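Since the structure comes first, as structure tokens, the remarks are kept for the end.
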Amino acid sequence: MRALDRLDELYTIGGGTRRGYSPEEDAAHELAAGWMREAGLEVRVDEAGNLFGRRGDARVWVGSHLDSVPNGGKFDGALGVVAGIEAVARLRDAPLAVVAFRAEETGPMGSKRLAELPGAFVELHIEQGPVLERVGEPLGVVTAIAGQARGQVVFEGRADHAGTTPMTARADALVEAARFILHVRECAREPAVASVGAIEVEPNAANVVPSRVRVAVDARAPDAAGLDDLVRAIGFEPSWRLDPVAMSGRPFEVLGELLPEAPRLVSGAGHDAMVLAAAGVPTAMLFVRSLNGGVSHCPEELSSDEDIGLATDVLTEALARLAAVE
Ligand SMILES: [Zn+2]
């Protein structure tokens, strides 16, 4: 299948590293622009550098991003662009647009700077998690993209000699932080998740009782009330928060019609679709099964040819239905 060859071709650029607004991302956009022209689409680049391949007065958009994390996988983002081009190429007369957004991994930057918004948006993306593989299903319909709250918590103790200070006389900041980290894990009940992924210890010396520890908390939940509850339960003050967004409208209905039995999933990762949905665009996301236990943002990221073929067929049919009414 053409889309698979194109994924391979994109992956040769930068060897899996295509940072937003880098020459490697530029090269990926140039390649995709050629494929868009080949599909008979009119190619345009907006002020943010987002790439559009358009046919007619396209109110329905499909797409994703072509940038990657350093040493990323072959499918994250790129799959949504190549499958989008494939689907639009198959629907010869339908007014549709394929978009490759800029710098999703470091923002999203491109989709936040759109000068115009579509009437409907669909994004196909690799799941980047193990759920579909575990239940043995190739495709999943995303119901919502989880909201996120991040913040830091600081624990103050007292620096003391690690050899001469009795255990009962210590104020060990790292012990307090360790209790908190376990508490964070206990607060996160499915489908909510929470992590402490970064920690700074002062003075960070083997023979000194830790005096000060700073931990970074990342909490996510599929709805706003759930995120509020999680933040309250953990007991931290978010310095940054992104509200959850529901997939909705005609695009979401159409995926539901086409895949009535497919699992419904909440995306724990942010996506360009989140930005469009938050801006009020009726938006849907289709997930393709991740293999290798759902690993992502690394070279082991994998989806099968068969699953990608199936996803491209569903995407094509969804776009045909959407273009017929928009
Ligand atoms: Zn992505």
Side-chain angles (χ1 to χ4, degrees), residues 2-3 5-14 16-70 72 74-125 251 270-281 283 285 315 319 322-323 326:
R2 186 163 54 177
D5 295 336
R6 289 176 171 178
L7 285 174
D8 287 337
E9 205 174 338
L10 282 168
Y11 201 59
T12 61
I13 301 171
T17 302
R18 303 184 303 275
R19 293 170 201 268
Y21 295 107
S22 68
E24 290 77 23
E25 193 199 36
D26 290 347
H29 274 236
E30 240 167 73
L31 201 53
W35 297 332
M36 288 170 174
R37 285 192 195 95
E38 218 176 280
L41 305 176
E42 185 190 319
V43 171
R44 195 174 58 78
V45 176
D46 72 6
E47 271 191 19
N50 299 309
L51 172 69
F52 294 86
R54 194 184 285 263
R55 185 191 296 123
D57 179 26
R59 300 287 303 138
V60 178
W61 295 4
V62 59
S64 194
H65 60 95
L66 292 173
D67 65 312
S68 76
V69 297
K74 198 181 4 170
F75 304 89
D76 179 1
L79 173 60
V81 176
V82 299
I85 294 171
E86 185 61 37
V88 171
R90 288 182 194 173
L91 300 167
R92 290 170 183 286
D93 303 314
L96 291 164
V98 189
V99 54
F101 294 114
R102 283 281 182 171
E104 191 274 340
E105 300 290 358
T106 46
M109 294 167 83
S111 51
K112 278 194 180 140
R113 288 179 54 205
L114 286 171
E116 52 158 346
L117 293 172
F121 177 64
V122 184
E123 181 169 3
L124 169 63
H125 205 282
H271 294 288
D272 292 306
M274 188 178 201
V275 177
L276 275 90
V281 176
T283 297
M285 278 195 92
L315 186 67
L319 293 173
L322 288 168
E326 272 290 331

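What you see is a predicted model, and the numbers here were worked out from it, not measured in a lab.
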[atom1] of [X] to [atom2] of [Y]: how many Å apart, nearest 0.5 Å?
X: Asp272; Y: Lys112; atom1: CG; atom2: NZ; value: 10.0 Å
X: Leu322; Y: Trp61; atom1: CG; atom2: CH2; value: 14.5 Å
X: Tyr21; Y: Asp67; atom1: OH; atom2: CG; value: 9.0 Å
X: Leu10; Y: Trp35; atom1: CG; atom2: CH2; value: 4.0 Å
X: Leu117; Y: Arg59; atom1: CG; atom2: CZ; value: 8.5 Å

Show your reasoning for whether side-chain contact (heavy atoms from CB on, under 4.5 Å) applies to Thr106 and Arg19.
CA-CA 8 Å; Thr106 46; Arg19 293 170 201 268; over 6 Å; no
Would you indicate whether Glu38, at its atom CD, is surrounded by more than 12 heavy atoms from other residues, nucleotides or ligands within a distance under 6.0 Å?
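Result for CD/Glu38: enclosed.
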For the student: nearest non-hydrogen atoms of [X] and [Y], plus distance:
X: Ala94; Y: Ala323; result: CB-CB, 3.9 Å
X: Glu123; Y: Ser64; result: OE2-OG, 2.7 Å
X: Glu9; Y: Leu31; result: OE2-CD1, 3.5 Å
X: Gly14; Y: Glu24; result: CA-CG, 3.8 Å
X: Met36; Y: Phe52; result: SD-C, 3.9 Å
X: Leu276; Y: Ser111; result: CD1-CB, 4.1 Å

Please tabulate, one pair per line, all N/O donor-acceptor pairs under 3.5 Å involving side-chain atoms of residues 95-103, not counting sequence neighbours.
| from | atom 1 | to | atom 2 | distance (Å) |
| --- | --- | --- | --- | --- |
| Arg102 | NE | Gly49 | O | 3.0 |
| Arg102 | NH1 | Glu25 | OE1 | 2.6 |
| Arg102 | NH1 | Asp26 | OD1 | 2.8 |
| Arg102 | NH2 | Asp26 | OD1 | 3.1 |

If a pair satisfies side chain to side chain donor-acceptor pair (under 3.5 Å) and one of its residues is in residues 48-58, list it, with sequence neighbours excluded.
Asp46-Asn50, Arg54-Glu116
Report the C-alpha distance between Leu51 and Val43 in whole Å, list the side-chain angles of each, state the deciding distance to 0.1 Å, and finish with yes or no for side-chain contact (heavy atoms from CB on, under 4.5 Å).
CA-CA 7 Å; Leu51 172 69; Val43 171; 3.6 Å; yes
List the atom pairs, with distances to 0.1 Å, where a side-chain N or O of residues 74-89 and a protein N or O form a donor-acceptor pair under 3.5 Å, not counting sequence neighbours.
| from | atom 1 | to | atom 2 | distance (Å) |
| --- | --- | --- | --- | --- |
| Lys74 | NZ | Asp8 | OD1 | 2.6 |
| Asp76 | OD1 | His65 | NE2 | 3.1 |
| Asp76 | OD1 | His125 | NE2 | 2.8 |
| Asp76 | OD2 | Gln128 | NE2 | 3.1 |
| Asp76 | OD2 | His297 | NE2 | 3.0 |
| Glu86 | OE1 | Arg2 | NE | 3.0 |
| Glu86 | OE1 | Arg2 | NH2 | 3.3 |
| Glu86 | OE2 | Arg2 | NH2 | 3.4 |

